Amino acid sequence: MSPMSRYDPAQIEPRWQQHWKEQGTFVATEDPEKPPYYVLCMFPYPSGSGLHVGHPESYTAVDIVARQRRMRGFNVLNPIGFDSFGLPAERAAQRENRHPAEITRERIDYFRTQMQRLGFSFNWEREVSTCEPDYYRWTQWIFLKLHEQGLAYLAEVPVNWCPAQGTVLANEEVVDGRYIETGDPVERRVMKQWMLRITAYAQRLLEDLEGLDWPEGVLEMQRQWIGRSEGALVRFEVEGGGEFKVFTTRPDTLFGATWCVLAPEHPLIGSITRPEQRQAVEAYVAQARNKSDMERQVAADKEKTGVFTGAYAVNPVNGERIPVWIADYVLSTYGTGAIMAVPAHDERDHAFARTFDLPIRPVYTVEGVEHDFSASAWPGDGRAINSGAFDGMSVSEFKAAILAWLEERGLGERQVNYKLRDWLFSRQRYWGEPFPIVHTADGGVHPVHPSDLPISLPHVDAYKPTEDGQPPLARAEDWLHTSWQGQPATRETNTMPQWAGSCWYYLRYMDPHNTELPFGQDKVAYWKQVDLYIGGVEHAVLHLLYARFWHKVLYDCGLVPTKEPFQKLFNQGMILAWAYRESGGRYHAPDTVERRPGQLSTIVSAWTGLPVETDWYLKGAETPVEEKLGKMGKSLQNSVDPLEIVERYGADTLRIYEMFMGPLEQVKPWQTSGCEGIHRFLSRVWRLFVDDQTGETRPFGTTSPEVKKALHIAIKEATEGIEQLKLNTPVAKMMELVNACKGEAPAREEALAFVLILSPWAPHLAEELWQRFGHDRSLSTEPWPAWDPAALSGDSMTIVLQVMGKRRGELEVPRTASKEEILALARQDPQLTRFLEGQQIKKEIYVPGKLVNLVVG
RNA sequence: GCGGACGUGGCGGAAUUGGUAGACGCGCUAGAUUCAGGAUCUAGUGGGCAUGCGCCCUUGGGGGUUCGAUUCCCCCCGUCCGCACCA
């Protein structure tokens, strides 16, 4: 060991990283003697730009939990891997004319280098990468299970086609008519695609949310996405032949239905439209078809559009003849694609009635409320009117009664509907899992035998569609043509979406090198499920819903023992960074600008187009720039590379700063200068135990009562903080402890306890000190210290003295002092006398161990 | 529009079965040490008046409950996130 006087993480950290690697300190084995604990951070997509300082936030939090659980005697699984199929690598492959596998491996290597320099106690021996054949072989295997269960099917469906990406996208990937990743516009097309029947699991996906320790917001988002609603399916006959069904959650308003509306895609339109309306209807349907999703959604705020078919339907409850319209405010993909319109009690129908001057008939009144039905709908409860024998009922009474009435007469039935739709599972891309499916000339669709897996990705001459529009895999002629039971056959040329690999990676980590199965039953029986899953809230719906779905299918196949994959979920808040932009729009990196307090300029904001005041300027120039907080990335020129921080301050400083910034779940701005304080803190810790002149380990001292108290407070805060993932305040308590030491090392016992509680946050420094204290083994399995409740408060306590609720002084009394003694002292305390003079004490309040409040008057 | 989270010094944040508001840190100011330092140490740092002890104000704004409110209740303002014609 070279002599080192000052705290020098560049010397300490690589050595301990090497030590952990060589000793296999964090290798996880299935030890039946120890309770298992499975922590997991959402694995990264290895992008071309490497990690930025936002990534280590969740890794650090997970690592702190993992390290502390090991010290508490748990057998910890803390794996890591890479979500490595996907579009960005394929686009890079097109640009650079290289194989995406090669590009991906390089990127993974860089990610791994970055991550390993941060000292995480990952199970690197279990690393997986979803694009490797020994991984995707089992993704294909699970697909075969889904297929076998009837949950994967081919269908001719309207899809979200993204011309810029040359592929279809799932509904979940499209927001406002654009691809969420790139913002490219999306249009509708009808294509034959692989679908997964996630809707078959809708009810269970909803029900099993109960009992999960997840953030309320995520549970709510999942519930809304599944979108269960109870109602009725009601049959309407069309005059002159034909019938359609509508779904309604308000069958109790059937008597108020004054027309019906079919979605423009409804199959009945052709047959019921009257000749005199045909031209108008066809024009409307064509126009609706050509509208993009975005245009349709924008139109939601505008005036409703629609066209009358000329046909009439019969209201089953009263035999009334009501017109049938077509309008694009009715969605073809929800319910039956047809509705009954009750303008008096539904806002949307009311808006339509106003536009086309259709009749509005109330079927509820509210006592004491004079509602103007020509102005707005009344969606609430009331007393039924205009509804024959049902008059006088409340909404819930009426619903029950009318459902029974409809079912008795065969006019309708109870129905539960979900917003959730089946999952579009095909992509027309190269860089994804090939489907283990072949097609024969007779139209047969056949799963390949599991022993033939993996169906490997073939080499192709270009990562783009064929001349006739087939997906890239169709370019691999040799691969494409195969046989099935003696017949010539062609392979499926679609690939799976990026979500596929991440649907089950947490299971593969349990048994990553199994060549017979995706994971062994003994392994999954031991680890069971993920105890704690930490990741970004951006996966609240898509990834978590898909993974839960696959997990339930595997559960039904008897392959996993639990119904749910992730028992506790925690969302870390995104780390943002300040971005600086000239009025003209150019961005500047944070280290090229400076603040000049008092020197204000007014510029036109490139973001809003409005004038703003700023005191930020380009360094060495008079160019003012506007400051704004944003997501880290290339576009805002505000990314910070963790390695840059490691070089300057060390990995321990980076780790602690990421935690110290604020509550884990909160969005917070990165400030590199904040690392200074952490680095100072760690230097102080170093100097407490190491002579910074000689580099020698200093002898232990004695522990003062204040230090002892501060230590036990810190142990308590660290222990409870890790339990609740409040990882910022323990750092503050450890700083207070070090401040309390006033540069003097405490006694051995307290020094050891301090280093142990520091170790999850600053593992390198802690190991170094631990070794200097004379240990020859890593501290990673040393028992976690316990706090002594008696040490939390000293022999005396501080009582705050208040008069009329205002703080007027304080009192130091022995712990043993009684309420009477304390009150007596308070009454004659010199700090209070001038507030008590001439006043009578009306009330005395004593909060044990905390304060006295004297009420006078 | 609906749902969720939130609003505390120049900045990040701490403190909620109601009990010392501003812990801890950044930044800033002054001083010490140093050839020098993005080094280290000491002191100060919410605002105002006094600058002696002290007093008043202050947790987005307004009201309420209470001996006492950042914490509980009502109204308003603002920010962020998710969903958005789902019948």
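Here is the naming used below: chain letters follow the sequence lines, and residue numbers restart at 1 for every chain. Since the model is a prediction, treat every value here as computed from it, not as a measurement.
- Nucleotides B/rG46 and B/rG22, compared at atom C1', are 8 Å apart to the nearest Å.
- You'll find the ring centres of A/Phe570 and A/Trp214 outside the 6.0 Å limit.
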Open item on the list: Let's test your reading of the pairing rules: Watson-Crick or G-U wobble, both distances under 3.5 Å, then write RNA chain B as a dot-bracket string with ( ), [ ], | and dots.
Closed with: (((((((..(((......[....)))((((((.......))))))((((....))))..(((((..]....))))))))))))....
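- A distance below 6.0 Å separates the ring centres of A/Phe373 and A/His345.
- When only modelled atom types and interatomic distance are considered, A/Tyr284 and A/Thr305 share a side-chain donor-acceptor pair under 3.5 Å.
- Of the charged side-chain nitrogens involved, none lies within less than 4.0 Å of a carboxylate oxygen, so that A/Glu717 and A/Lys726 do not count as a salt-bridged pair.
- A/Lys850 comes within 4.0 angstrom of the backbone, heavy atoms only, and of no base.
- A salt bridge links A/Arg223 with A/Glu220: the distance from a Lys NZ or Arg NE/NH1/NH2 to an Asp or Glu carboxylate oxygen falls below 4.0 Å.
- For A/Phe236, the ring pair (Phe, Tyr, Trp, His ring centres under 6.0 Å) partners at least two apart in sequence or on another chain are A/Phe244.
- Note on A/Glu413 versus A/Arg235: no salt bridge recorded, every NZ/NE/NH1/NH2 to OD/OE distance being 4.0 Å or above.
- A/Ile64 approaches A/Arg655 most closely through the heavy-atom pair CG1-NH2, 4.4 Å.
- Within the 4.0 angstrom heavy-atom criterion, no nucleotide atom of any strand lies near A/Ser683.
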- [ ] Let me have a per-nucleotide readout for nucleotides 42-48 of chain B, 5' to 3', with B, S or -, counting only protein heavy atoms under 4.0 Å.
- [x] -------
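- Side chains of A/Asp422 and A/Thr199: a donor-acceptor N/O pair is present below 3.5 angstrom, by distance only.
- Residue A/Asp692 is out of contact with every strand shown, counting any heavy-atom pair closer than 4.0 Å.
- Counting any heavy atom pair closer than 4.0 Å across all strands shown, A/Arg687 reaches sugar-phosphate atoms only and no base atom.
- Using a 4.5 Å heavy-atom cutoff, the side chains of A/Lys419 and A/Ile226 are not in contact.
- Proximity of the aromatic rings of A/Trp378 and A/Tyr364 is defined here by a centroid distance below 6.0 angstrom, and this criterion is not met.
- Relative to the ring axis of A/Phe352, A/Lys304 does not place its NZ or CZ within 45° and under 6.0 Å from the centre.
- Proximity of A/Arg680 to the phosphate of B/rG27: a side-chain N or O atom is located under 4.0 Å from OP1 or OP2.
- On the C1' atoms, B/rU20 is 14 Å away from B/rA14, given to the nearest whole Å.
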TODO: Indicate for each nucleotide in nucleotides 6-17 of chain B, in 5' to 3' sequence, whether protein heavy atoms under 4.0 Å reach the base (B), only the sugar-phosphate (S), or nothing (-).
DONE: -----SBSSS--
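- Counting atom types as modelled, A/Lys842 pairs no side-chain N or O with a base atom of B/rC67 as donor and acceptor under 3.5 Å.
- For residues 796-810 of chain A, the salt bridge (charged side-chain N to carboxylate O under 4.0 Å, His left out) pairs, not counting sequence neighbours, are A/Arg807-A/Glu810.
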Table of protein N/O atoms under 3.5 Å from nucleotides 51-54 of chain B N/O atoms:
residue : atom : partner  : partner atom : Å
B/rG54  : O3'  : A/Arg834 : NH2          : 2.7

